[in-house]
Amino acid sequence: MLADSIRELESGSLARIRAARTLEELEAVRVEVLGRKGTLTLAQKEIGKLAPADRPAFGQILNGAKRDLEAEFDRRKSEFDQAATGARLKGEWLDLTLPAPPPRRGHLHPITRIQRELEELFRSLGFAVLDGPEVEDEYHNFDALNIPAEHPARDMQDTFWLEGGHLLRTHTSPVQVRGMERLGPPLRMIAPGRVFRNESVDASHEHTFYQLEGMMIDRDVSVAHLLYFMKTLLTAIFHREVTVRLRPGYFPFVEPGFELDIQCLICGGTGCAVCKQSGWVELLPCGLVNPNVLRMSAIDPEEWNGFAFGLGLTRLAMMRYGIDDIRHLQGGDLRFLEQF
Ligand code: PHE
């Protein structure tokens with residue numbers, strides 16, 4: 001009687017194990033039948049109630065049922081496992097013979113590249129690379145460079161004035177002053193950085209652009225030293241002969257002052273928007289440091305003198321890469337930037 005019910009339980013459970021459609025369903029059947037409180041497990045406990053003589057036969061049936069069910073359960077489970085592994089393999093299959101997608105790699109902005117090259121060059125020549133604030137005070141941007149208030153030279157550099165007498169630096173020359181103050185003579189320094197002018201923007205003018213300032217102070221520095229460094233600089237930048245011309249130039253902080261122009265590399269000197277049809281581009285204003293400037297930074301001009309230059313990094317990048325509109329450089333258009 002009891003044996004019949006066990007056989008019934010076995011065949012019913014086997015059918016359910018076979019009918020399970022998922023691993024979860026299968027597991028549910030297992031718990032229900034073979035689990036700690038499963039029907040078969042509970043039936044096992046009934047043995048004690050039987051007459052001792054009946055126990056072995058019943059036990060055999062029970063064990064047989066358990067074995068069969070467990071075997072069938074294991075068989076189904078491995079079926080599910082295999083199916084899952086198969087599905088995963090199919091999903092994760094990779095064709096290793098396919099060409100790999102090109103790695104997405106960023107690169108430096110053309111101005112950053114030129115800046116770093118020049119930093120390296122000047123370091124090798126014994127120059128320190130200095131940094132200075134973009135928000136400057138009037139003293140460092142103007143007064144200490146021999147440009148007092150009311151001086152007409154202030155009008156050459158349309159200034160973004162800020163509150164409290166501060167301003168956005170109009171050139172990197174204030175870093176000369178900070179360098180002299182901090183390090184004193186002898187001094188070899190460059191200072192690359194962003195400068196700002198309140199100008200209307202066109203193909204060759206931006207309100208924000210980059211300069212690289214340079215200064216050397218020592219004993220007996222002459223125009224010959226200045227020219228040597230300027231030539232070294234230009235050769236390193238362009239890797240080729242460029243035609244240059246030197247004109248007298250006026251900057252209150254140098255005396256004598258020069259404008260070093262290069263023949264326009266965009267149009268080859270025939271005239272274009274970048275060189276304003278002149279064939280020449282102002283690239284490198286420079287000169288010997290005005291004694292007043294030294295004096296204001298507590299350097300004795302009887303003992304020391306030097307040269308200074310202010311390279312237009314933005315213009316330089318345009319010349320080197322043949323960029324005909326300054327607005328591209330800060331425009332943030334990736335189609336432009338990705339070309340470099
Ligand atoms: N600071 C000047 C400018 O931006 C350039 C300059 C620097 C000229 C150093 C001479 C010497 O216009």
Side-chain angles (χ1 to χ4, degrees), residues 111 115 118 122 127 129-134 136-148 151-160 167-180 187-199 204-218 221-223 225-231 233-234 244-262 281-294 296-297 299 301 305-318 326:
I111 292 181
Q115 179 182 324
L118 293 179
F122 277 101
F127 285 64
V129 181
L130 301 188
D131 205 3
E134 292 179 343
E136 261 297 0
D137 51 52
E138 238 181 303
Y139 175 77
H140 287 91
N141 197 81
F142 291 126
D143 301 84
L145 290 163
N146 202 29
I147 319 174
H151 193 289
R154 287 209 182 185
D155 301 336
M156 286 161 54
Q157 303 188 350
D158 303 294
T159 307
F160 286 113
L167 49 87
L168 293 181
R169 67 178 178 194
T170 56
H171 50 180
T172 41
S173 300
V175 192
Q176 285 183 23
V177 178
R178 293 183 179 277
M180 287 188 285
L187 176 66
R188 290 185 190 197
M189 54 149 282
I190 58 163
R194 255 196 325 183
V195 302
F196 310 86
R197 289 188 198 175
N198 194 350
E199 297 200 64
S204 53
H205 293 90
E206 256 283 21
H207 47 69
T208 303
F209 53 101
Y210 287 77
Q211 291 186 332
L212 185 135
E213 194 80 12
M215 179 180 238
M216 170 167 161
I217 295 179
D218 212 316
V221 176
S222 70
V223 173
H225 293 105
L226 170 62
L227 287 179
Y228 167 78
F229 280 101
M230 298 305 95
K231 272 190 197 149
L233 171 63
L234 291 171
V244 300
R245 71 176 184 189
L246 206 57
R247 290 179 289 130
Y250 176 68
F251 301 93
F253 34 97
V254 286
E255 180 59 38
F258 306 105
E259 285 283 6
L260 196 155
D261 302 340
I262 65 164
V281 176
E282 277 181 30
L283 193 64
L284 197 47
C286 51
L288 296 186
V289 182
N290 189 309
N292 285 338
V293 170
L294 296 174
M296 267 184 280
S297 290
I299 296 175
N305 67 338
F307 66 74
F309 62 90
L311 177 69
L313 268 189
T314 302
R315 287 243 171 101
L316 186 66
M318 293 172 73
I326 194 170

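Numbers here are sequence positions counted from 1. Just so you know, ligand 1 is whichever comes first in the structure, and atom 1 is the first atom listed for that ligand.
Between the side chain of T314 and the backbone N or O of Y210 there is at least one donor-acceptor pair closer than 3.5 Å.
P285 CG, 3.6 Å is the protein heavy atom nearest to atom 5 (C) of ligand 1.
Ring to ring, F127 and F229 are close: their centroids are under 6.0 angstrom apart. Taking the centre of each ring, H171 and F209 stay at or above the 6.0 Å mark.
Close to ligand 1: A308, with a non-hydrogen atom less than 4.0 angstrom away.
Residue-ligand proximity, Q211 to ligand 1, at heavy-atom distances under 4.0 Å covers atoms 3 (C), 4 (O). The contact set between ligand 1 and R197, taken as ligand atoms under 4.0 Å from a residue heavy atom, comprises 3 (C), 4 (O), 12 (O). Listed by atom number, the atoms of ligand 1 under 4.0 Å from E213 heavy atoms are 7 (C), 9 (C).
Some N or O of S173 is nearer than 3.5 Å to an N or O of ligand 1, by distance alone.
Going from atom CD1 of I111 over to atom CG of L316 covers 9.5 Å, rounded to the nearest 0.5 Å. Taking CG of L130 as the start and CZ of R178 as the end, the distance is 11.5 Å to the nearest 0.5 Å.
Between N141 and T170, the side chains place a donor N or O and an acceptor N or O closer than 3.5 Å (distance only, hydrogens not considered).
By the criterion of a heavy-atom distance under 4.0 Å, the side chain of F253, and not its backbone, is placed next to ligand 1.
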